2 protein chains.
Amino acid sequence: MGTTKKELFTGEQNRLAGLAKALAHPARVAILQYLAVSNKCVCGDIVDELPLSQSTVSQHLKELKKVGLIHGDIEGTSICYCINPKVIEEARLILGKFFTKINCC
Amino acid sequence: MGTTKKELFTGEQNRLAGLAKALAHPARVAILQYLAVSNKCVCGDIVDELPLSQSTVSQHLKELKKVGLIHGDIEGTSICYCINPKVIEEARLILGKFFTKINCC
DNA sequence: TATATCTATCGTAATATTGCGATTAATTAT
DNA sequence: ATAATTAATCGCAATATTACGATAGATATA
């Protein structure tokens, strides 16, 4: 046990849950906000921006990458992280649709 | 360690993360969807609806209650769970605002 | 080549989550 | 009063998450 029984739910329910999970930590919310305001695809100074260690930030970036919300491109010695607008839009749509249907009653 | 350092982030970032966390499991997504479609404030037959045990469902309901997305009122021997439209609206607004700001670049 | 910088990953520890069965507490029905 | 139903909670086990320091691998610079 301890593992979510994903196979018992629909693909959409799992996708929504997966996207929500990516946003379920304030550090990851902060990372996305930071990437958004620094219009240039900001790289590893996310670490300087956040009050967390380099390895911890790296782990959070990995989570965001996993669901596709960001992607990282090698830029010399550092890595340039960018928001993936398509997945942001997907998340907006899925969550928007969800709330619309929920709010009906 | 193992605990999120909430104090290092803003109230809004933590609230967004908290609401997202509530949606970060397909069972809780399914519960909210079920409560929404069954227009009468449905009670404990959520358990029959979900492929999980009674105690597990109860735990998920507790999570949803914790952030305020639902509330339960005693109705005789059973408990009537309802969606809290105000918190649904709050979540919609917070997430909507978030995605609008993120999607700008 | 040697050195510095950057980031991923490993190893470890603490805590949280998910899930279940069993029990408990409360209410309703007999 | 007793039995049945409902839902929360307890106890337990397995796995996941969060966080850090240390290390490793890659690329740039001296």
Side-chain angles (χ1 to χ4, degrees), chain A residues 1-9 13-14 17-31 34-35 40-67 69-82, chain B residues 1-9 13-14 17-31 34-35 40-67 69-82:
Chain A
M1 333 265 148
T3 320
T4 295
K5 295 189 162 180
K6 288 196 175 186
E7 68 280 5
L8 301 174
F9 301 95
Q13 286 168 339
N14 280 311
L19 288 165
K21 200 171 190 176
L23 303 178
H25 193 290
R28 292 193 289 271
V29 172
I31 288 172
Y34 182 62
L35 286 179
K40 55 179 167 30
C41 270
V42 178
C43 322
D45 41 18
I46 305 167
V47 173
D48 301 331
E49 200 64 17
L50 292 190
L52 295 168
S53 77
Q54 184 265 319
S55 59
T56 302
V57 171
S58 191
Q59 249 176 333
H60 284 304
L61 289 168
K62 196 178 175 184
E63 290 298 308
L64 291 171
K65 257 191 293 183
K66 202 176 67 182
V67 293
L69 283 167
I70 65 172
H71 58 95
D73 304 300
I74 298 169
E75 188 133 323
T77 175
S78 54
I79 294 185
C80 177
Y81 278 104
C82 294
Chain B
M1 333 263 149
T3 321
T4 295
K5 296 190 163 180
K6 288 195 176 185
E7 68 280 3
L8 301 175
F9 301 96
Q13 286 168 340
N14 280 309
L19 288 165
K21 200 170 187 175
L23 303 178
H25 194 291
R28 293 194 288 272
V29 172
I31 288 172
Y34 181 62
L35 286 178
K40 57 180 164 33
C41 271
V42 178
C43 322
D45 40 18
I46 305 167
V47 175
D48 301 332
E49 200 65 16
L50 291 190
L52 295 168
S53 76
Q54 184 264 319
S55 59
T56 301
V57 171
S58 192
Q59 249 176 333
H60 284 305
L61 290 168
K62 196 179 175 182
E63 291 296 307
L64 291 171
K65 258 192 290 183
K66 202 176 67 183
V67 293
L69 283 167
I70 64 171
H71 60 95
D73 304 300
I74 299 168
E75 190 135 320
T77 175
S78 55
I79 294 187
C80 177
Y81 278 103
C82 295

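A, B, ... follow the sequence lines: proteins, then strands. Residue 1 opens every chain. What you see is a predicted model; the values in this text were computed from it and never measured.
Positionally, the nearest nucleotide of DNA chain D for A:T3 lies more toward the 5' end than for the other of A:R28 and A:T3. Both A:G2 and B:K65 lie near DNA chain D, and the one whose nearest nucleotide falls closer to the 5' end is B:K65.
With a 4.5 Å cut-off on side-chain heavy atoms, A:L23 and B:L23 do not count as touching.
Considering only side-chain N and O atoms, B:H60 lies nowhere under 4.0 angstrom from the phosphate OP1 or OP2 of C:dT17. The side chain of B:Y81 contributes no N or O atom lying less than 4.0 Å from OP1 or OP2 of D:dT6. An OP1 or OP2 oxygen of C:dT7 is reached within less than 4.0 angstrom by no side-chain nitrogen or oxygen of A:K62. Contact check, A:K6 against C:dT18: no side-chain N or O comes under 4.0 Å of OP1 or OP2.
Rounded to whole angstrom, the span from the NZ atom of A:K5 across to the C1' atom of D:dA14 amounts to 12 Å. For the pair B:E75 CD and D:dT5 C1', the computed distance is 15 Å after rounding to whole Å. Rounded to an integer number of Å, the gap from CD of B:E63 to C1' of D:dA7 is 16 Å. Taking atom NE2 on A:H25 and atom P on C:dT15, their separation rounds to 15 Å, with Å as the unit. One interatomic measurement links the two molecules: CD of B:E7 to C1' of D:dT18, which rounds to 12 Å at whole-angstrom precision. Computed from coordinates, the A:L23 CG to D:dT17 P distance equals 14 Å when rounded to whole Å. Counting to the nearest Å, the C1' atom of D:dA8 and the CG atom of B:L64 are 15 Å from each other. One atom, CD1 of A:I74, and another, C1' of C:dC6, lie 11 Å apart when rounded to the nearest Å.
With sequence neighbours left out, B:T3 forms a side chain to side chain donor-acceptor pair (under 3.5 Å) with no residue at all. A:Q59 pairs by the side chain to side chain donor-acceptor pair (under 3.5 Å) definition with nothing, not counting sequence neighbours. When the side chain to side chain donor-acceptor pair (under 3.5 Å) test is applied to A:S58, no partner is found at least two apart in sequence or on another chain. For B:D48, the side chain to side chain donor-acceptor pair (under 3.5 Å) criterion is met by no residue, not counting sequence neighbours.
A heavy-atom distance below 4.0 Å to DNA chain D is reached by these residues of residues 51-59 of chain B, ordered by number: B:Q54, B:S55, B:S58.
For B:I79, the side-chain atoms get nearest to D:dA7 when compared with the rest of D:dA7, C:dG19, C:dT7. When each of D:dA16, C:dT15, C:dT7 is scored by its nearest atom to the side-chain atoms of A:S78, the top-ranked nucleotide is C:dT7.
Residue pairs that meet the salt bridge (charged side-chain N to carboxylate O under 4.0 Å, His left out) test with at least one member in residues 51-63 of chain B, sequence neighbours left out, are B:E63-B:K66.
Annotation: A:I74, atom CD1; neighbour count of heavy atoms from other residues, nucleotides and ligands within 6.0 Å does not exceed 12.
Counting non-hydrogen atoms under 4.0 angstrom, B:K21 reaches the backbone sugars and phosphates but no base.
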